[in-house]
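A short write-up of the structure that comes next.
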Amino acid sequence: MVGEFFIPHHQYRAMTNEFLEWGLILSAGAFLLGLVNLVQVNLPKVQRRDTDWQYKAIMLVALVVTLVIGFAGGTARQQPGYSYKWFFDYVFVPLNATMFALLAFYIASAAFRAFRARNLEATVLLSAAILVMIARVPIGESIPVVGDYLPQLMNWIMDVPNTAARRAIFIGAALGAIATGLRVILGLERSHLGGGES
Amino acid sequence: MIRQLIRFQNMDRRWIFLGMALAIVVPLLAPINFPFKIDERVEAIYEKIESLEAGDTVFISADFDPASRPELEPFYRANLHHFFAKDVKVVIGSLWPFAPPMVNPWLEEIAADHGKVDGEDFVFLGFKDGKELAIKLIADDVVKAFPKDLKERDTATLPIMEGKRQLQDFALMMSVSAGFPGTREYVLQVQGQYNLDMASATTAVSAPDYVPYYKSNQLFGLSGGMPGSAQYEKLVYDKYGNDSGLINARPIATQALNVLNMGHLFIVLLILMGNVAFFLTRNIEEA
Amino acid sequence: MMKTLFRTCILFMSLLSTAATAAPIDNLTIVPPKASSGLNLSLSWTFGEATTSGPEVLGLRLLRRLPSETEWTLVGEPLAPDTTATSDTVPETGTWAYKLVSVYTDTPEIPKPEALSEDASEEEQASFDAEAAQLRTAWVQTVIERSDALGDDSDMATGTTKASWLNTNPGHLLLLALIALVGGLMMVYTRRAQRGEEIYIRRIPGIDAIEEGIGRATEMGKPVLYVPGIDDLQDIQTIASMLILGQVSKTVAEYQSDLIVSCCIPIVREVADEVVKAGYFQAGHPDAYNASNIRFISSEQFAFCAGTNGIMLREKPATNIYFGRFFAESLILAETGFVNRSIQIAGTAEATQLPFFVAACDYTLIGEELFAVSAYLSKDPRLVSSLKASDIVKVLCVAALLLGTVLHSMGNTFLVDLFKISG
Amino acid sequence: METVSLIDLFGIWVSIFLTLAIFSFLYDDNPIYKLAENLFLGISIGIGTIEIYYGVFKPNLIDHLADLRWQSFIPLGLLFLLMMKITKKYSYFARLPIAFIVAAFAGVKLTGEANANLMTPIAESMPDLQASWAQYGFWSWENDGAGVFSDLVLVLGLSACLLHFYFSAKPNRAMSGVSKVGITVLMLSFGASFGYTVMGRISLAIGRFQELLGLDKTEAQWMLEGSEEPLSTMTNVSIVRWMTVVTAVVIILIIARWKRQQNNEPTDQAG
């Protein structure tokens, strides 16, 4: 896989592409493991009537129902009129989207209760945050006089200090990836195999 | 006084939640509209697409799920309208399992608006797991990564895929991305290696992360969050909206953008109040 | 049908603006491109003296065949009349013959048979395809003849593909050298560390914070919650997190406290399980290890988040440790922990989530500090050496940056070009 | 006039109910939220499995196997070994496919990161100060502050950040000074990030409220499928708003009842 970057030869590419396809399949297999694990963990709970077993039962039923209507729908499952599509649109979408929307409220709460200008660093962070928040929405541009400079200042923060900081983080991350990559490939890293020899 | 302040600091956070809800609901019901400027990063996307010729083919990677729909749906829709209005062909794939059931109906709806033919003018290839590995494979061999499209047709024989084997063969690539895997992984894995023309529409959360990629020309354009979508929407709908009659769409992001004003002011207020209370009580406690 | 016509018109109009007078095509040369996969060829040519008479040129078309064949195949998209170079992807390696011909403004489009209905049978489709191919071949033949008659075509030229086994672009070589440098430095330091040489790493304050947190949990008789992020095991942050988890579980076992690990990926759970088991074993309390405390919640981000929140609300851990790769859930987790008045220690290299950890946690490890802590705690020669190697490369980067800026400002772009990998 | 089927109308209500059910978590953990949460868990894994089957297993494995493509039997074998993970006894065999995936990812990331996150940022962080001076001067408001000052902040800020993450140095004054500069630059960046993230999150909440308030629909009257008459004199937007209000009240009542029950039985805290 490393060679793929340096070796343009088409036969080599054909080989790495084959490996990539296996990678896709195994990566999908890992998801299946999650499915099996979920059932393995929750089914006994329902059988034993553990705490909250009713909810676990709902979860398993929802899982089974989704699987059944999904496979029944087949290739056409995403067309209007299929129950899989109905489930997706009216059950999955609101649940998934609202989970994310909760964050707006938690941010408000954190802003009031936890976001403090305790020291110089936090003060810098705070000021930059407030500046960006005001300058990024239309109301900031509409403030007389100051409004002419706010968006520029915000763009400057994004373009210069932000770029500098991100690049430093990127470079660090890249060096880390090279080191880890080399360790894994040379077989020095075995922690992922669960060897427990460390 | 101090006691009240301390109590204020420790007030039930559910009051804050209620305040936040009001800061959203009130401006939604009673909107106040402010004008806004167009960012150069968004304009770059628009200009680049304007310079495409009829018959060119582009690749879109739609990597978002219902959770980031409000930010990216307007861009995705406006983007498709833009491509179709310019008679550019569109090939879409996705790395997120929850994307296809959501974005494919929009594609079919917009394509129908423009009278486009499935398989000739557009195609949805479906979802592919494997994150970076999938990206690598798509870049080097789209057909191997997606042997069948979403409707289980052989990808290799579709008219739109004629002469399109690698990502390089496409005029440009748009990454509509809500996180991992998405724009960053495309930039890392393939943009540099294949020197792709690539732009990104992303959530506000990821935007600061991708600005360096824009600054170093790894992305030719970048649209961040709701304001980015609203600006792009404005550019596209102003040009192709009413005159050509091609677009039957509402600027959804623009509506939301004006609600953001209030939300941001509310958060700024909370930070200021929280800190004032904090410092007042702290100084008094120290004394 | 109407649409095709419409599109053809647009195509014509766009090309019409660049239509030029005919000129003979000379010096068609075909070479394999640099760093070729072996399946592509670069073509370039020049134009001779333009002829003023004769029809206007709309564009150029490229034809290809095997040298042993006689029939030309049309390849690639139409080219503008002033193009002087293009490239072509060939189906297999070997020698190929090419020819360029001119297409004139009055040349008809490639004819197509009557379009089939949507529900055409396979046989109908096959005969349609055969007819289309026949019409296409005939069209190509007339174009060749006409172009040839007017002298606006190129002579046939051949080119042989050449697959390269190494990309010798300076940027690629530098990158290879950098990777080799990191690898070499790692080896040197690993050897030194294994020989028992002390390699200095500064103690990051975050380490004390972890110990304090575990200590407090013990005093309060409540568990410690450890979240290793939500990414796969392949991610280096997850790997670092697993290494720290090893040390954390050891400390927790020594303090005889409880440890809950909440995982988002099944494989991560499996590894965390092994790591914690080993930690308890090393601390001499293998019996205190409880497999049901190492939990797989869900591989869906928010479901995982809600599940972990549930653990916080129900089991009220005194200390929450978040080490690994986090996304949007960081804030919800940190916020719930904050409300529970837990001590919170976070560490991630995910820049988008760091502000929230900084805001809501008692101590935050920024980016690489996470990796440094895993090296410091585990004292693993391999990690220490990687840290040392990347430290040295970092200093080299800073030197390159400063030198490069000075050079560039003086008009020398040597360093800038060197680091640019693709044109 | 817009036609709507009964099942879709029911769907719209389900969607409102579930949205409010999740929002009810903001008040407190409660049975309605738990119901929604577990429903979500089950459905998300179900949909994920379906999409993975049709997205990966079917086209990239099963169809290949059906064509008797010999190469594809290798991933099938690896997949089989991976599934051994489920069994306690043979889970050892899963190490081979796991090692394969880990190595593949590590290799792919190595070159990607090294190229796009190491080489390119360095190449792009060596500005030409003379050209910048000629074009923008020291600081140009018109160009978002481009100029020599910004170029210097970029180069020196990046260097300072890199040195902040230099772990081999013994603490001394020069280093801590550089480190401070680095931290300041990092904090400015994180501040920007915070501001943007706030915006993103509020946007998502706006999206949910647009749906709850019916603002995602074009105002029209609803007509049931197969019926000639409009469903009601109200527009679809008003109907949605009424649905929201009524559902919200019902959820509040249920939670209030549950709370009271819980207070009466203080021993039942486990749930």
Side-chain angles (χ1 to χ4, degrees), chain A residues 1-2 5 18 21-26 28-29 31 33 35-36 38 51 55 58-59 62-63 66-67 70 86 90-92 94-95 98 100-101 103-105 107 121 124-125 128-129 132-133 136 152 155-162 164-165 167-168 170-172 174 177-178 181 184 192-193, chain D residues 11 14-15 18-19 22 26 34 38-43 45-46 49-50 52 56 61 75 79 82 86 95 97 101-102 104 106-111 113-114 117-118 121 144-145 150 153-154 157-158 161-162 165 183-192 194-195 198 201-202 204-205 208 270:
Chain A
M1 291 298 152
V2 179
F5 193 84
E18 191 62 35
E21 193 173 25
W22 301 357
L24 303 192
I25 295 164
L26 289 177
F31 189 92
L33 272 186
L35 171 78
V36 175
L38 186 88
T51 327
Y55 298 112
I58 290 174
M59 175 165 83
L63 171 66
T66 318
L67 288 178
W86 189 91
Y90 295 122
V91 182
F92 180 75
L95 286 172
T98 316
F100 241 105
L103 288 161
F105 296 90
I107 278 194
E121 286 97 66
V124 172
L125 196 151
V132 167
M133 271 189 271
R136 190 64 266 202
Q152 272 87 335
N155 277 334
W156 180 78
I157 291 183
M158 290 292 277
D159 286 353
V160 183
N162 177 54
R167 280 184 183 159
F170 289 168
I171 291 172
I178 296 177
V184 168
H192 58 274
L193 298 179
Chain D
V14 167
S15 158
L18 292 174
T19 304
I22 299 282
L26 290 172
K34 267 193 219 157
N38 283 286
L39 197 62
F40 178 48
L41 274 167
I43 292 193
I45 301 250
T49 309
I50 295 284
I52 277 186
V56 181
L61 184 63
L79 192 63
L82 185 68
I86 299 165
R95 288 184 175 203
I101 313 183
V102 172
V108 159
K109 280 196 182 170
L110 197 162
T111 46
E113 292 264 359
N117 270 353
L118 179 62
D144 297 336
S150 299
V153 171
L154 179 70
L158 172 53
C161 289
L162 280 175
F165 292 121
I183 280 277
T184 310
V185 173
L186 282 169
M187 288 301 149
L188 273 176
S189 165
F190 291 161
F194 185 95
V198 167
R201 302 311 185 212
I202 298 180
L204 303 182
R208 295 322 296 153

Taking only residues two or more places apart in sequence or in another chain, which ones pass side chain to side chain contact (heavy atoms under 4.5 Å, CB included) with D/I52?
-> A/A28, A/F31, B/F127, B/D129, D/F57

Max heavy-atom pairs within cutoff under 4.5 Å with chain A, candidates D/A205, D/G46, D/G11, goes to D/G11

Side chain from CB out, backbone as N, CA, C, O: work out which of these in A/L38 comes under 4.5 Å of a heavy atom of chain D, or both, or neither.
-> side chain

Honestly, the part of D/I183 sitting under 4.5 Å from a heavy atom of chain A is side chain

Return the option, out of D/D144, D/T184, D/V153, with the maximum number of heavy-atom pairs under 4.5 Å with chain A.
-> D/D144

Selection from A/P94, A/P161, A/G181 maximising heavy-atom pairs under 4.5 Å formed with chain D = A/P94

From A/N162 CG over to D/L188 CG, what is the distance, rounded to the nearest 0.5 angstrom?
-> 9.5 Å

So which of D/G157, D/P75, D/G195 has the largest heavy-atom pair count under 4.5 angstrom toward chain A?
-> D/P75

Best-contacting candidate, A/A129, A/G23, A/A177, A/G172, against chain D by heavy atom pairs under 4.5 angstrom = A/A129

ring-ring contact (aromatic ring centres under 6.0 Å, His included) partners for A/Y55, two or more places apart | none

Pairwise side-chain contact, A/L63 with A/L35, heavy-atom cut-off 4.5 Å (strictly under) | yes

Go through the steps to decide whether A/V91 and D/L18 satisfy the test side chain to side chain contact (heavy atoms under 4.5 Å, CB included), and finish with yes or no.
-> CA-CA 7 Å; A/V91 182; D/L18 292 174; 3.7 Å; yes

Working to the nearest 0.5 Å, report the span between CE of A/M59 and CD1 of D/I43.
-> 12.0 Å

Heavy-atom contact with chain D under 4.5 Å, split by part of A/V36 = side chain

Separation of D/L82 CG from A/I25 CD1 (nearest 0.5 Å) = 12.0 Å

Among A/M133, A/M158, A/E21, the residue with the most heavy-atom pairs under 4.5 Å to chain D is A/E21

Per-residue contact mode, A/L26 against chain D (heavy atom under 4.5 angstrom) = both

Find the one option among A/D159, A/I171, A/V132 whose heavy-atom pairs under 4.5 Å with chain D are most numerous.
-> A/I171

Could you please spell out the steps behind the side chain to side chain contact (heavy atoms under 4.5 Å, CB included) verdict for A/T98 and D/F40?
-> CA-CA 11 Å; A/T98 316; D/F40 178 48; over 6 Å; no

Output the option from A/T66, A/I58, A/N155 having the highest count of non-hydrogen pairs under 4.5 Å with chain D.
-> A/T66

For A/L33, is it the side chain, the backbone, both, or neither that has a heavy atom closer than 4.5 Å to a heavy atom of chain D?
-> both

Heavy-atom proximity to chain A below 4.5 Å, by part of D/V56 | side chain

Answer yes if the side chains of A/E18 and A/W22 hold a donor-acceptor pair under 3.5 Å, and no otherwise.
-> yes

